[in-house]
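Inspection log for the structure reproduced underneath, given as structure tokens.
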Amino acid sequence: MGGKGFESSIEIFLRMRPINSGAIAPYEVDVDAGTVVWTIPRQASLGMMNHQREHYNFSFTGIFQMESKQDEVFHKVAHKVVVGALDGYNGTIFAYGQTGSGKTYTITGGAERYVDRGIIPRAISLVFSEVAERSEYTYTIHFSYLEVYNEMGYDLLNPDHETKALEDLPKVTLLEDEDSVFHLRNLSQHLATNEEEALNLLFIGDTNRIISSTPMNMASSRSHCIFTAHIVARKAGEDTIRRSKLNLVDLAGSERVWKSGVDGQILREAKYINLSLHFLEQVIVALQERSHGLHRNHIPYRNSMMTSVLRDSLGGNCRTVMIATVTIAQDQLEETISTCRFAQRVAMVSNEVILNEEVDPNLVIKRLKQEIHELKEELMLLRGEDEERPPLTTDECEIIDRQVVAFINDTNPDASLQCGASMMHIRTAFQIFKKLINHSETTKIQGTKGNCVSKSNCLDVSMDPTSHTGLQAQINELQHQLAQRDNEIDILVAFIKKQEAKFGCQIGTSFEHSKGIGTGGELNGLKSTPSPQLVSPRLVQSLETKLESQKIKGCDWTMQMKDPMHHKLEDQKKAFEIFLKKYDKMEAIQENKVLLKTMYMKAKALGEHVNRAHENIDKLKGKIERHRVERARNYLVSTINGDVLEHDFEEDHLLSLIDAEKRDYKQRFSQLRDLKKEIEHLHKLLEQGRVKLQDDFQHYMNDSTHQIPTPTKLTQQACQLSSTDTNMKKVELCKGMTTSCSTSNGVVSPSCKRATHNLEINQFGNNFKSRTSYLGENLCSGTINKS
Ligand code: ADP
Ligand code: MG
């Protein structure tokens with residue numbers, strides 16, 4: 001480890017959450033001074049001589065009042081910790097406060113709006129934009145996401161879609177080595193090379209977190225979640241590496257059991273509901289005493305998994321920031337004051353922050369090997385050993401060709417070309433370079449004066465036309481997929497209508513409804529007539545088989561409609577409709593859908609603009625080339641006549657036009673890239689909304705007040721239902737519809753393990769998912785859609 005260290009006290013910030021109703025506690029804030037005073041009015045019933053304190057004063061590094069926005073919080077609390085982590089300093093940001101005070105909102109963000117995204121997604125964005133700026137460094141960043149509940153760790157980055165409860169997640173255990181360093185066994189770390197990949201990991205983790213927490217096990221308020229970026233940075237040409245960790249922590253709710261003292265002193269604190277927070281407090285008290293010069297050899301980190309995991313962050317090698325989240329509700333004042341009091345203790349803890357730099361023996365060995373290799377080659381060259389060898393074979397040339405391409409594509413600034421130690425090899429490599437430059441689409445047009453590549457004459461298409469070509473290919477591919485999906489939907493609708501006409505039932509309604517909202521057909525203006533070549537043969541085949549089996553076995557749908565279970569399903573449907581009307585998150589979901597549509601239009605317009613600029617640049621390039629040929633010809637004639645070549649104003653003009661187009665292209669391209677990020681985020685929000693909706697509906701249904709069969713009953717009924725052949729077909733068909741319109745694996749369990757009402761929920765969920773992801777694909781394909 002390197003020496004560059006400094007002392008740093010834990011910074012504490014207070015964040016106040018707005019409340020929708022109820023009495024507000026009396027308080028005063030001085031933002032500049034970072035102080036807050038909470039007031040508890042004396043209770044007249046206790047007489048004027050009671051010992052109750054009236055005012056409670058607290059100081060903070062900074063205070064965020066109710067109207068503070070997420071970007072302000074990120075900027076003041078997290079920015080320097082994130083940048084520090086990229087510089088090689090460990091960083092931890094943790095939120096502490098009672099349940100409902102805004103910890104998750106602060107750390108992860110609100111689940112509905114883009115502007116509400118919290119510290120984690122913003123930190124991810126900052127990490128990758130900083131990494132892109134620091135070209136002299138090579139970064140490797142892995143992410144992990146741990147949930148600690150009841151002294152047991154769970155790996156939230158488990159990609160298994162079957163997670164239904166916390167216990168389904170891989171268990172993580174703590175190991176301590178002989179140097180008293182803690183290690184987490186079984187916690188997976190995932191490499192992310194860009195923002196999108198990292199956000200996707202966060203999405204997987206948060207989805208697992210939502211799914212696995214039920215009101216019964218209280219995991220959502222009683223567990224701690226730690227999202228960690230494990231960063232390794234290496235500077236080009238150096239043997240040292242920097243390793244750092246950035247922990248973003250959402251602690252369990254800090255609520256306690258309150259007791260009134262005999263003297264009526266209500267602010268007597270009792271026990272934490274969450275035992276590990278009690279241990280956290282013990283650690284903080286011990287550290288506080290140590291910082292006051294008291295002799296404390298032992299800091300009780302080992303008492304709980306969470307304090308062990310955060311050992312470095314508390315009194316160790318880490319730059320740590322705490323956000324104390326409170327509500328301003330009068331009836332929560334005890335908790336609020338207790339949170340502030342805890343923060344004051346934390347502020348006394350001092351950490352020793354060290355630059356985590358170490359010499360990497362692997363890098364030294366690699367460098368020395370490389371040096372030896374190069375010296376040997378130089379030696380051979382100097383001895384002239386290569387002059388006696390025969391010309392290079394085709395195979396040898398191909399190897400050099402591959403080496404040159406690999407060298408060009410290698411983003412590592414330390415990469416070197418090992419083409420072989422002979423002039424013949426070197427010359428061949430140069431030939432390949434020349435060929436590549438001349439034939440590349442990203443050509444730089446050479447100056448007319450000799451062979452020299454004049455910088456001012458270069459058409460530096462540094463705005464990455466290769467990525468444009470790549471995008472174009474992606475667009476074509478997505479457009480094709482889109483058309484294929486639309487056609488699949490049309491065929492399915494036709495199929496369902498056919499069934500309806502044949503058996504007089506209404507099974508297609510919800511499906512048709514799903515197609516009507518925001519599908520590609522609507523947005524891209526694709527024709528709704530199915531064109532067979534655009535439909536996947538698999539789908540056609542499966543539908544044909546279904547139709548055949550219906551014909552042969554003579555499925556009696558009319559009879560099924562009279563089936564009592566059908567009425568139950570209808571009930572579920574109605575319950576779901578009622579639920580949706582009451583569902584408070586629906587408004588935000590609708591808002592996001594509208595926003596997504598607006599973004600799509602914007603992205604499409606931008607895409608068209610980018611394409612136009614690109615085409616204009618191509619045209620201008622052609623014009624310049626023709627102009628230069630013309631001029632070269634004239635030059636030959638003029639030198640024969642002894643004329644002097646005049647300055648080329650026409651070329652200046654064309655170059656300035658290209659410059660303007662380039663600027664425009666660059667600007668729009670980066671706007672488009674930003675918009676794409678926003679669109680992706682919105683997709684994730686919608687997807688999470690879908691999962692939450694499913695979950696909330698299940699809880700709603702579990703509530704016996706809703707006069708709907710209980711899930712257990714339904715499970716039984718569903719299993720009875722599935723035991724008959726014809727009814728099984730009904731389930732199968734529903735499943736077929738669900739999976740066909742879903743973008744991922746169908747959620748409906750073929751073994752009919754779950755309650756039948758899940759069919760309805762899942763079908764809605766999948767329709768919703770299908771709609772949103774569908775819209776998303778349109779958006780992506782629409783971004784630079786030429787047609
Ligand atoms: P916790 O994680 O502490 O239990 P949450 O972050 O889940 O609390 O917040 C509870 C509710 O309050 C959520 O609906 C959240 O969106 C909302 N909320 C929290 N903090 C704020 C804030 N600063 N502004 C607006 N809404 C907030
Ligand atoms: Mg929470």
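We're numbering straight along the sequence, starting at 1. First listed ligand is number 1; within each ligand, the first listed atom is number 1. Only this structure's heavy atoms are used, side chains among them; waters, hydrogens and symmetry mates stay out.
Electrostatic pairing of Glu281 and Arg345 counts as a salt bridge here, judged by a charged N lying under 4.0 Å from a carboxylate O. One finds a salt bridge joining Glu687 and Arg690 here, because a Lys/Arg side-chain nitrogen approaches an Asp/Glu carboxylate oxygen to under 4.0 Å. Taking 4.0 Å as the cut-off between side-chain N and carboxylate O, Glu577 and Lys581 do not count as a salt-bridged pair. We find that Glu196 and Lys677 are not joined by a salt bridge, their nearest charged nitrogen and carboxylate oxygen being 4.0 Å or further apart. Between Lys602 and Glu678 no salt bridge is recorded (no basic side-chain N to carboxylate O distance below 4.0 Å).
Within the 4.0 Å heavy-atom criterion, neither part of Met66 lies near ligand 1. With a 4.0 Å cut-off on non-hydrogen atoms, Pro18 touches ligand 1 through its side chain and not its backbone.
Checked against a 3.5 angstrom limit, the closest N/O atoms of Thr106 and ligand 1 fall outside it. The shortest N/O to N/O separation between Asp250 and ligand 1 does not fall below 3.5 Å. Where the criterion is an N or O separation shorter than 3.5 Å, residue side chain and backbone included, Met16 fails it with respect to ligand 1. For ligand 1, the polar-atom distance check finds no N/O of Thr99 at less than 3.5 Å from any of the ligand's N/O atoms. Checking only distances, Thr104 does come within under 3.5 Å of ligand 1, N or O to N or O.
Atom 12 (O) of ligand 1 is approached by the protein to below 4.0 angstrom, counting heavy atoms only.
In this structure, Ser101 has a heavy atom closer than 4.0 Å to ligand 1.
Relative orientation of the His79 and His75 rings is tilted, given thresholds of 30° and 60° on the angle between their planes.
Annotation for ligand 1: atoms under 4.0 Å from non-hydrogen atoms of Gln98 are 3 (O). Every atom of ligand 1 is numbered from 1 in the order shown, and the set under 4.0 Å from a heavy atom of Lys103 is 1 (P), 2 (O), 3 (O), 4 (O), 6 (O), 8 (O). Short contacts between ligand 1 and Arg15, defined as distances under 4.0 Å to a heavy atom of the residue, involve ligand atoms 23 (N).
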Checking salt bridge (Lys or Arg N to Asp or Glu O under 4.0 Å) for the pair Glu11/Lys76: CA distance, chi angles, key distance, verdict?
CA-CA 11 Å; Glu11 289 188 348; Lys76 292 193 178 146; over 6 Å; no
Determine whether Tyr27 and Trp38 satisfy the following criterion, ring-ring contact (aromatic ring centres under 6.0 Å, His included), listing intermediate values before the conclusion.
CA-CA 4 Å; Tyr27 71 93; Trp38 304 97; 5.1 Å; yes
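Nearest non-hydrogen protein atom to atom 20 (N) of ligand 1 is Arg17 CG, 3.1 Å. Of the protein's non-hydrogen atoms, the one nearest atom 8 (O) of ligand 1 is Gly102 N, 3.2 Å. Atom 22 (C) of ligand 1 has its closest protein heavy atom at Tyr105 CE2, 3.3 Å. Of the protein's heavy atoms, Gly100 N, 3.4 Å lies nearest to atom 1 (P) of ligand 1.
The nearest N, O or S atom of Thr99 is not closer to the Mg ion (ligand 2) than 2.8 Å.
In summary, of the residues considered (Thr99, Ile273, Asn274, Leu277), a side chain to side chain contact (heavy atoms under 4.5 Å, CB included) with Ser254 occurs for Leu277 alone.
By the 6.0 Å and 45° rule, Arg117 stacks over the aromatic ring of Tyr114.
Atom CD of Gln590 has more than 12 neighbouring heavy atoms from other residues, nucleotides or ligands inside a 6.0 Å radius.
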